[in-house]
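Since the structure comes first, as structure tokens, the remarks are kept for the end.
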Amino acid sequence: MNTISAADYEIVFNETAYSFLNQFVQKQNYSKIFILVDENSSENCLPLFLQNFSIEIAFEIIELESGEINKNIHTCTEVWTILTELGADRKSVIFNLGGGVITDLGGFIASTFKRGIDFINIPTTLLAMVDASVGGKNGIDLGNLKNQVGTITNPKMVVIHSQFLETLPQNQMRSGLAEMLKHGLIYDANYWDLFLDLSQLDTNDMDVLIHRAIEIKNNIVEQDPTENGIRKALNFGHTLGHAIESYFLENKDKTTLLHGEAIAVGMILESYLSTTLNLITTEKYLQIKNTIKSIFGTVEILDTDFTPICDLLIHDKKNEYGKIQFTLLEEVGQVKINQEVSTDTIISSFLDYKS
Ligand code: NAD
């Protein structure tokens, strides 16, 4: 797999990744490496990582409890304190070895500790490989509001080793698939078409699919690193998806939705909104809805959930001057950003989703 060059860092793959990493670490002359893991990446991925990466300088492992619930300021305070106690200095580096929670948290912790130290992302979930680890967005949740506090700081390198996925549960694989589908919908119609019939794909295709998904994300980010324009394409499905994810997280009667599961619903709803503005045809909408539902099923959303979910949209980070801004599909492979939609139309998208 070819290395992908991002603005000021490289995304390296599989067999060759570790020699790039070794060389880079030697060149930087780091004082100490801190490897941030959660209990699952510690058990399933750390041994494989340490087999491949020959660390020649002092390192410490910092293990956090897994889960979105821990992506908050308390965890950051804990890690900042541990770093301080263990003598981290400005020449220390943090390796974020885990899913999107670890890369988001670790990136935020590193980019703020002593006004910013280096970090390297080593994603171990599909979602973190194709999305969270690339593009420089780091952050934490504020209460149940997703990613309200954060930084845009690039990692120094991203190491993609698809062998980590061998231990990833199926529902987590599916969650990552949602972001890959999104990359096709917003940027590459041919890539989207590959997912229309999953039975045509096998596990050998995975490396190529991951590589292309990262390439798409990187292309978009490079055009607009600070999200003033085209980077908003990546938010397709996320305006409603994040609101649904937050609502399910805070509501004890609901099962918690994985990030990708919520985004899958959001992509169907926002494809429906695209038809109401005459952007995509109803036929295309139905193809999107049926394809996503065939993979993710239908999440139960009650009529009484609509209003509280819409209320959460007010906190969306894309809002400007108090107005909710959607990224919608102009056609498969192309988006239209900064679209406004009435609450009634949003409600009709929920009703159609349920049908
Ligand atoms: P996660 O980090 O919670 O990982 C999912 C689960 O898989 C966890 O229980 C984890 O411990 C476990 N796990 C990780 N690697 C494993 C492996 N190889 N084998 C077995 N278990 C493993 O969640 P995620 O889906 O990776 O990431 C979701 C997060 O990513 C959300 O917080 C979301 O906001 C964020 N995100 C960020 C961006 C960005 O641009 N920064 C983009 C998309 C998503």
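Basis for what follows: all heavy atoms, side chains included, without hydrogens, waters or symmetry-related copies. When a ligand or atom number is given, it counts from 1 through the structure's own listing order. The first residue in the sequence is number 1, and the count goes up from there.
Aromatic ring centres of Y285 and Y272: separated by under 6.0 Å.
For ligand 1 and K146, the ligand atoms under 4.0 Å from any heavy atom of the residue are 31 (C), 32 (O), 33 (C), 34 (O). Atoms of ligand 1 found under 4.0 Å from any heavy atom of G99, numbered from 1 in the order shown, are 2 (O), 26 (O).
Protein heavy atom at the shortest distance from atom 20 (C) of ligand 1 is T167 O, 3.2 Å. Nearest to atom 23 (O) of ligand 1 among the protein's heavy atoms is G100 N, 4.0 Å. Among protein heavy atoms, the minimum distance from atom 18 (N) of ligand 1 is reached at F164 O, 2.9 Å. In terms of protein heavy-atom proximity, atom 28 (C) of ligand 1 is nearest to L127 CD2, 3.7 Å. Of all protein heavy atoms, the one closest to atom 16 (C) of ligand 1 is L168 CD1, 3.6 Å.
Contacts between T124 and ligand 1, counted as non-hydrogen atom pairs separated by less than 4.0 Å, involve both the backbone and the side chain. Both the backbone and the side chain of A132 come within 4.0 Å of ligand 1, judged by heavy-atom distances. Using a 4.0 Å cut-off between heavy atoms, L258 makes no contact with ligand 1 at all. Both the backbone and the side chain of K137 come within 4.0 Å of ligand 1, counting heavy atoms alone. Contact annotation for K71 and ligand 1: only side-chain heavy atoms (C-beta onward) come within less than 4.0 Å of the ligand. Under 4.0 Å from ligand 1, heavy atoms of V101 appear from its side chain as well as its backbone. Of all the heavy atoms of H161, none lies under 4.0 Å from any atom of ligand 1, so neither backbone nor side chain is involved.
Remark: K156 fails to qualify as a cation-pi partner of Y9 under the 6.0 Å distance and 45° angle criteria applied to the six-membered ring. Judged by a 6.0 Å distance limit and a 45° cone about the ring axis, K336 is not positioned over the six-membered ring of F326.
Residue contacts with ligand 1: H242 is placed with no nitrogen or oxygen under 3.5 Å of a nitrogen or oxygen of the ligand (distance criterion only). Considering backbone and side-chain N/O atoms, G98 never comes within less than 3.5 Å of an N/O atom of ligand 1. Looking at ligand 1, you won't find any N or O of C45 less than 3.5 Å from one of its N or O atoms.
Ring geometry for H161 against Y18 counts as perpendicular: the plane angle is over 60°, on a 0 to 90° scale with 30° as the lower cut. Using cut-offs of 30° and 60° for the angle between ring planes, the W80 and F108 rings count as tilted. Classified by interplanar angle (parallel below 30°, tilted 30° to 60°, perpendicular above 60°), the ring pair H259/H242 is tilted.
Of the charged side-chain nitrogens involved, none lies within less than 4.0 Å of a carboxylate oxygen, so that D89 and K114 do not count as a salt-bridged pair. E227 and K232 are not joined by a salt bridge, as no carboxylate oxygen comes within less than 4.0 angstrom of a charged side-chain nitrogen. Look at K182 and D131 and you find a salt bridge, because one of the NZ, NE, NH1 or NH2 atoms lies within 4.0 Å of a carboxylate O, short of that distance.
Comparing D104, L105, I263, D38 against atom 37 (C) of ligand 1, the shortest heavy-atom distance belongs to D104.
Side chains of T125 and Q172: no donor on one and acceptor on the other come within 3.5 Å.
Using a 4.0 Å cutoff on heavy atoms, M173 does not count as a contact of ligand 1.
Residues I220 and F236 share a hydrophobic cluster, clusters being chains of Ile/Leu/Val/Met/Phe/Trp/Tyr side chains in contact below 4.5 Å.
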